[in-house]
Amino acid sequence: MIETVEGTFDVLPARFVKPNRVYQQIERWHLVESAAREAFRRYGIEEIRTPIIEKLELFERGVGTETDVNKEMFTFETREGSERIALRPESTASVVRAYIQNGLFNHTGLTKLYYIGAQFRHERPQKGRYRQFAQLGVEIIGQSDSPAIEAEVFEMLTWFFKELGISDTQLLLNSVGDEKCRPNFIAKLKESLKDKLPHLCGNCHRRYETNPLRVLDCKVESCQPYLNQLPRLTDMLCEECDAHFKELCAMLDERAIAYRITPRLVRGLDYYTKTAFEIVGGGKLGSQNTIVGGGRYDGLSEILGGPPTKGFGFASGIERILISLPDDSVARAKESPALFIAYLGDAARKHSFALARRLREEGVSVVVDLEGRKLKKALALADNLGANYALIIGDNEIQSQSYTLRDMQKSAQKTCSEAEIIAILKKD
RNA sequence: GAGAGUGUAGCUCAGUCGGUUAGAGCGCCAGGUUGUGGCCCUGGAGGUCGUGGGUUCGAGACCCAUCACUCUCCCCA
């Protein structure tokens with residue numbers, strides 16, 4: 001048997017999905033995608049779709065070649081061998097590229113874009129981490145770096161998770177400074193780390209050389225006491241970054257949005273400035289429990305060859321949201337037919353197909369028995385499909401031009417005309 | 001890239017010390033009712049025991065390899 005490649009999966013109706021593979025349930029995807037699109041609509045954020053493949057160079061420049069990003073990308077060469085292509089590992093770089101390439105900076109006001117789509121990373125799969133995964137994200141690009149941008153996005157995310165019934169989340173907030181204050185901090189950090197280094201783990205030693213900021217993020221238990229003694233980013237921000245951060249916190253307070261300042265939260269990539277944040281999810285997730293990650297990236301446009309531009313955005317792993325949804329989500333998102341038509345005999349069969357078409361033209365979702373089952377079997381199928389109503393058509397019904405409409409939940413049935421059927425089904 | 005665990009029917013799982021024809025519950029199919037689903041009763045189908053090798057008189061079980069899944073480390077754009 002030929003199976004899906006490692007770290008990928010099919011998404012299909014919930015009744016076909018193995019228990020505990022909730023991220024494969026299409027109803028959950030629809031729930032999350034429609035809530036997201038509604039959130040974006042309310043906040044005036046418009047959709048952008050960028051290609052799944054991009055020139056490798058885009059991601060190399062965007063995220064820097066220092067990181068492991070390279071080896072974790074799916075890449076290939078064009079047949080001519082002249083171009084190196086990557087399956088997108090994230091979308092921020094693509095969106096900023098599109099912003100530049102399409103000249104969006106020539107339009108007035110902030111550019112507020114969202115995307116929903118597949119991303120690819122060549123990593124070992126585990127809970128909430130797959131090789132093909134989906135993210136939904138927002139990028140707010142323009143000339144302003146007002147913290148009102150961040151505050152509004154956090155407000156939207158609050159609504160979004162509330163709408164989905166996901167309550168056990170936490171907003172972790174930090175500022176990673178900018179090109180003015182961060183170098184000072186890194187110098188201080190390295191100095192402070194020197195005498196603690198012998199006590200720290202191997203990873204910390206490596207990061208001390210390659211990316212000292214990430215030492216702060218180490219999760220090894222034995223490192224924690226020493227890490228707590230390190231200087232705090234938020235204590236060493238330059239005037240501008242400090243003011244930005246304080247203003248953002250005040251705006252969140254005004255909106256009654258809960259957050260936790262997490263001085264040791266850093267982002268992996270170089271282009272982030274000022275605001276950095278994560279939203280972590282609850283107990284249904286394993287160790288991969290970051291449900292949203294993002295931050296401000298005021299220098300990224302220039303790195304990609306565009307005009308000086310500021311930006312703020314986030315990306316959210318859809319599979320992790322799906323795993324975090326309440327257990328009854330699929331029931332609430334039920335996508336079963338409103339009406340199942342069962343018939344008896346050839347005349348009724350023809351009649352059923354014609355009636356089904358008329359009902360569908362009225363916007364009713366209708367499933368007709370296509371296999372000529374016995375009535376008993378047809379009703380069992382209607383039950384199995386979760387149809388709200390079953391319509392029974394036999395010679396009697398054709399004669400009288402009225403049908404037996406059975407409410408499957410109540411097990412009650414009555415005789416209805418076509419117009420009455422339409423009225424009842426449109427009401428639901 | 002590293003480690004640990006798991007892999008038996010559509011699903012959830014049992015299968016003793018290596019021993020006859022591999023089981024259960026649920027689901028599925030048929031019948032009990034040729035115009036009525038769920039409950040009940042009767043019967044039935046469905047398995048190369050992940051795959052390939054090996055040990056053995058004999059392997060679902062033991063060994064090796066491999067693939068996949070799960071979880072963790074790593075990394076996290």
Side-chain angles (χ1 to χ4, degrees), chain A residues 1-9 15-21 54 58-64 66-73 86-96 119-130 133 135 137 201-203 206-207 210-211 214 217-220 265-272 276 278 285-290 292-295 297 300 313-317 320 340 342-345 348 369 373-387 389-397 403-413:
Chain A
M1 187 180 35
I2 299 172
E3 296 172 307
T4 51
V5 313
E6 180 176 359
T8 68
F9 53 87
R15 65 186 206 280
F16 303 134
V17 173
K18 286 190 185 188
N20 298 327
R21 297 276 187 89
E54 295 270 7
L58 174 67
F59 304 113
E60 288 178 335
R61 277 220 261 169
V63 303
E66 295 299 308
T67 61
D68 287 311
V69 166
N70 252 313
K71 67 182 183 210
E72 291 174 359
M73 273 194 271
L87 267 54
R88 63 182 181 200
E90 54 121 7
S91 282
T92 300
S94 299
V95 172
V96 173
Q119 322 282 339
F120 304 84
R121 292 182 201 173
H122 194 281
E123 297 179 298
R124 187 70 68 90
Q126 58 179 291
K127 189 182 184 75
R129 183 166 85 182
Y130 308 95
F133 60 103
Q135 286 187 330
C201 69
N203 281 323
R206 204 186 63 234
R207 287 164 170 164
T210 60
N211 195 349
R214 289 205 60 83
D217 210 25
C218 182
K219 283 157 192 103
V220 174
L265 173 72
V266 295
R267 308 296 305 162
L269 303 186
D270 300 338
Y271 58 67
Y272 280 104
E278 284 184 6
L285 294 161
S287 63
Q288 307 294 321
N289 71 338
T290 301
V292 182
Y297 46 85
L300 182 56
F314 71 83
S316 180
R320 294 183 193 176
F340 186 97
Y343 51 81
L344 297 131
D369 174 26
R373 293 173 147 71
K374 291 196 246 182
L375 184 58
K376 184 185 170 74
K377 297 296 172 196
L379 286 171
L381 179 58
D383 187 35
N384 194 261
L385 294 174
Y389 291 93
L391 196 63
I392 298 164
I393 305 181
D395 294 338
N396 303 342
E397 282 81 357
Y403 309 93
T404 304
L405 184 68
R406 181 175 179 83
D407 183 319
M408 295 298 283
Q409 267 103 60
K410 292 181 188 152
S411 292
Q413 57 192 41

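Here is how names work: the chains are called A, B, and so on, in the same order as the sequence lines, proteins then strands, and each is numbered from 1.
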B/U66 - base-pair partner by Watson-Crick or wobble geometry, distances under 3.5 Å: B/G50
Can you tell me how far P of B/G31 sits from NZ of A/Lys374, to the nearest Å? 4 Å
Between A/Gly128 and A/Lys18, just flag the one whose closest nucleotide in RNA chain B comes earlier from the 5' side. A/Lys18
Across the strands shown, which category fits A/Gly7 at heavy-atom distances under 4.0 angstrom: base, sugar-phosphate, nothing? sugar-phosphate
When you measure from the side chain of A/Arg21, which nucleotide among B/G35, B/C76, B/U70 comes out closest? B/U70
Just by distance, do the side chain of A/Arg406 and the backbone of A/Ala390 share a donor-acceptor pair under 3.5 Å? no
Close side-chain approach of A/Thr4 and A/Phe9, heavy atoms under 4.5 Å: no
Distance between C1' atoms of B/G1 and B/A59 (Å, rounded): 35 Å
Identify the nucleotide, in any strand shown, that forms a Watson-Crick or G-U wobble pair with B/C28, with both distances under 3.5 Å; if there is none, say none. B/G44
Strictly distance-based, threshold 3.5 Å: is any side-chain N or O of A/Tyr343 a donor or acceptor partner for the main-chain N or O of A/Asp369? yes
Considering only side-chain heavy atoms of A/Gln413, which listed nucleotide, B/C11, B/U36, B/A77, is closest? B/U36
Both A/Leu379 and A/Tyr272 contact RNA chain B. Which one's nearest nucleotide lies toward the 5' end? A/Leu379
Whole angstrom value for the distance that separates P of B/G31 from CZ of A/Arg373: 12 Å
For B/U56, the Watson-Crick or wobble partner whose two distances fall under 3.5 Å: none
Could you check how far CG of A/Leu391 sits from P of B/G37, rounded to whole Å? 16 Å
When you compare B/G25 with B/U33, how far apart are their C1' atoms, in angstrom units rounded to a whole number? 28 Å
Now, which nucleotide makes the Watson-Crick or G-U wobble pair with B/U33, with each of the two distances under 3.5 Å? none
For the side chain of A/Glu123, counting heavy atoms from C-beta on, which of B/C75, B/C69, B/G37 is nearest? B/C75
Please confirm whether the shortest side-chain N or O distance from A/Arg406 to OP1 or OP2 of B/G35 is below 4.0 Å. no
Does A/Ser287 reach a base, just sugar-phosphate, or nothing at all? Heavy atoms under 4.0 Å. sugar-phosphate
Please determine, for B/U20, whether a Watson-Crick or G-U wobble partner exists with both distances under 3.5 Å, and give it or none. none
If I take atom CD in residue A/Glu278 and atom C1' in nucleotide B/C75, what distance separates them, rounded to the nearest angstrom? 13 Å
Salt bridge present between A/Glu90 and A/Arg121 (N-O < 4.0 angstrom): no
Report which part of the nucleic acid A/Arg124 touches: base, sugar-phosphate, or nothing (heavy-atom distance under 4.0 Å, all strands). base
Give the rounded distance in Å between these two atoms: CZ of A/Arg320 and P of B/C71. 11 Å
C1' gap between B/C28 and B/G46, integer Å: 9 Å
Tell me: CD of A/Gln135 to P of B/A77, nearest whole Å? 10 Å
Under 4.0 Å, counting only non-hydrogen atoms across every strand here, what does A/Gln288 touch: a base, just sugar-phosphate, or nothing? base
Under 4.0 Å between any heavy atoms, over every strand shown, what does A/Ala382 touch: base, sugar-phosphate, or nothing? Just pick one. nothing
Any A/Thr290 side-chain heavy atom under 4.5 Å of A/Arg320 side chain: yes
Closest approach of A/Tyr297 and A/Gly313, non-hydrogen atoms and distance? CE2-N, 3.6 Å
What's the gap between B/C40 and B/U34 when it is taken at their C1' atoms, as a whole Å value? 22 Å
Counterpart base for B/A2, defined by Watson-Crick or G-U wobble contacts under 3.5 Å: B/U72
Checking contacts here: which listed nucleotide (B/A68, B/A77, B/U36) is nearest the side-chain heavy atoms of A/Arg121? B/A77
Scan A/Thr404 against the nucleic acid and name what it touches under 4.0 Å (heavy atoms): base, sugar-phosphate only, or nothing. base
Run the side-chain contact (heavy atoms from CB on, under 4.5 Å) test on A/Glu123 and A/Glu72 for me, step by step, so that the C-alpha distance in whole Å, both residues' side-chain angles and the decisive distance to 0.1 Å come before the verdict. CA-CA 6 Å; A/Glu123 297 179 298; A/Glu72 291 174 359; 3.2 Å; yes
Expressed in whole Å, how much space separates the C1' atoms belonging to B/C73 and B/C64? 26 Å
Sub-4.5 Å side-chain heavy-atom contact between A/Leu385 and A/Arg15: yes
Which whole number of Å gives the distance between the P atom of B/U20 and that of B/C49? 16 Å
Can you tell me how far P in B/C67 sits from the matching atom in B/C13, rounded to whole Å? 25 Å
Look at the side chain of A/Glu72 and the base of B/G1, then say whether one donor and one acceptor between them are separated by less than 3.5 Å. no
Examine B/U72: is either OP1 or OP2 under 4.0 Å from a nitrogen or oxygen in the side chain of A/Gln126? Give yes or no. yes
To the nearest Å, give me how far apart NZ (A/Lys376) and C1' (B/A30) are. 11 Å
Between B/U8 and B/U70 - P atom distance, rounded Å: 14 Å
Using only modelled atom types and a 3.5 angstrom limit, is any donor from either the side chain of A/Asn384 or the base of B/G37 paired with an acceptor on the other? no
Check whether the side chain of A/Arg129 and the base of B/C74 form a donor-acceptor pair under 3.5 Å. yes
To the nearest angstrom, the NZ-P distance between A/Lys377 and B/C29 comes to 7 Å
